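Every chain is numbered from 1, with letters handed out A, B, ... down the list of sequences. These numbers were taken from a predicted model, which means no experiment stands behind them.
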Amino acid sequence: MENETIENILVNFKPAPLSFFRQSTENVAKELVGCLLLSFIKEGNQKVLLRIVETEAYLSYGDEASHSFRGITKRNQIMFKEGGVIYVYKIYGIHHCINVVTEIEGKGSAVLLRAMECVFAETVFPKDSFRGPGKLAKSLGFTLEDNGITLCGETPKIFVPKINDSKIRATSRIGISKSTEKLLRFCLEGSSYVSVDWKKGMA
DNA sequence: GCAAGGATCTAA
DNA sequence: TAGATCCTTGCC
């Protein structure tokens with residue numbers, strides 16, 4: 001395990017094709033759980049491989065909690081691009097959050113990455129480094145400069161398991177005040193890397 | 001339990 | 001242009 005290389009781990013995965021991001025947002029959010037994110041971190045000049053363990057879907061229609069609900073603005077314009085790019089925004093003036101844009105151009109939908117588990121890194125990260133959307137963005141070094149970059153290039157890149165047998169739970173989303181009834185948060189069941197216990201928010 | 005923190009959006 | 005809001009975190 002300790003001696004595994006990125007290449008060895010990725011044997012059981014395949015790069016997510018563009019079509020992966022064009023599915024319904026809810027589906028993409030669900031299927032991203034268990035996927036790996038390969039990313040390059042400027043800080044320390046290193047590659048990391050992370051397992052996505054928690055996501056939230058933000059829909060293009062009828063979802064008051066979504067940035068896209070009131071239409072296109074300067075901040076959210078990337079959400080309306082074609083799926084497969086990254087939407088980064090700043091929250092509470094302090095933290096950045098990373099979203100994966102979904103569906104086709106003009107829709108305005110995305111999946112928030114909320115928690116990940118470090119699978120491979122050249123230097124050691126504290127266990128909680130990727131637990132929570134703000135910390136995750138900080139550890140990866142993502143800022144507004146990364147808003148709009150593609151996931152279909154070299155890095156960052158999403159890898160989908162060839163056999164996805166992840167046990168996934170749907171719960172209500174965290175930190176929102178509207179459309180709280182929707183079960184659009186997806187967690188890897190039992191994972192200790194999830195930001196808020198998966199039992200919370202169960203219907 | 002709650003303040004920090006600043007951009008963003010809406011209403012006027 | 002003022003005022004409310006905000007997909008959080010770490011500290012009290």
Note to self: Quick check on C/dC6: is either OP1 or OP2 less than 4.0 Å from any side-chain nitrogen or oxygen of A/Ser177?
What the structure shows: yes
Taken to the nearest whole Å, CZ/A/Arg70 to P/C/dC6 is 9 Å
When rounded to whole Å, the NE2 to C1' distance for the pair A/His95 and C/dT8 reads 4 Å
When we call it a touch if two heavy atoms are under 4.0 Å apart, what does A/Leu112 touch: a base, just sugar-phosphate, or nothing?
base
For this session: May I ask you to say what A/Lys178 touches in the nucleic acid, namely base, sugar-phosphate or nothing, with a heavy-atom cut-off under 4.0 Å?
Result: sugar-phosphate
Donor-acceptor contact below 3.5 Å, side chain A/Ser109 vs main chain A/Thr102 | yes
When rounded to whole Å, the OH to P distance for the pair A/Tyr87 and C/dC7 reads 9 Å
A/Ile94 atom CD1 is separated from C/dC11 atom P, nearest whole Å, by 12 Å
Closest heavy-atom pair, A/Thr55 versus A/Ala29, reported as atoms and distance to 0.1 Å, is OG1-O, 2.8 Å
- Task: Please say whether the positively charged group of A/Arg173, taken as NZ for Lys or CZ for Arg, lies over the ring of A/Tyr58, i.e. under 6.0 angstrom from the six-membered ring centre and within 45 degrees of the axis.
- Result: yes
A/Arg114 side chain N/O closer than 4.0 Å to the phosphate oxygens (OP1, OP2) of C/dC7? no
In whole angstroms, the gap separating C1' of C/dT8 from OH of A/Tyr89 amounts to 9 Å
Assign A/Gly134 to base, sugar-phosphate, or nothing according to its heavy-atom contacts below 4.0 angstrom with the strands shown. sugar-phosphate
query: If you look at every strand shown and take non-hydrogen atoms under 4.0 Å, does A/Arg173 touch a base, only sugar-phosphate, or nothing?
result: nothing
Rounded to whole Å, CD1 of A/Ile78 lies from P of B/dT8 at a distance of 13 Å
More than 12 heavy atoms of other residues, nucleotides or ligands under 6.0 Å from NZ of A/Lys167: yes or no? no
Here the distance between atom C1' of C/dC11 and atom NZ of A/Lys135, to the nearest Å, is 13 Å
Rounded to the nearest 0.5 angstrom, the CD1-CZ distance for A/Ile104 and A/Phe80 is 12.5 Å
So does A/Lys107 have more than 12 non-hydrogen atoms from other groups sitting under 6.0 Å from NZ? no
Backbone of A/Glu122 reached by a side-chain donor or acceptor of A/Lys47 within 3.5 Å = no
Taken to the nearest whole Å, CD1/A/Ile98 to P/C/dT8 is 14 Å
Between A/Pro133 and A/Ile91, whichever has its closest DNA chain C nucleotide further toward 5' is A/Ile91
Item to complete: May I ask whether A/Tyr92 stacks on the base of C/dT9, given the cut-offs of 5.5 Å between ring centres and 30° between planes?
Response: no
### Message
Please confirm whether the shortest side-chain N or O distance from A/Arg131 to OP1 or OP2 of C/dT9 is below 4.0 Å.
### Response
no
If one requires at least 3 consecutive Watson-Crick or G-U pairs with distances under 3.5 Å, the stems of DNA chain B turn out to be B:1-4 with C:8-11, B:6-11 with C:1-6
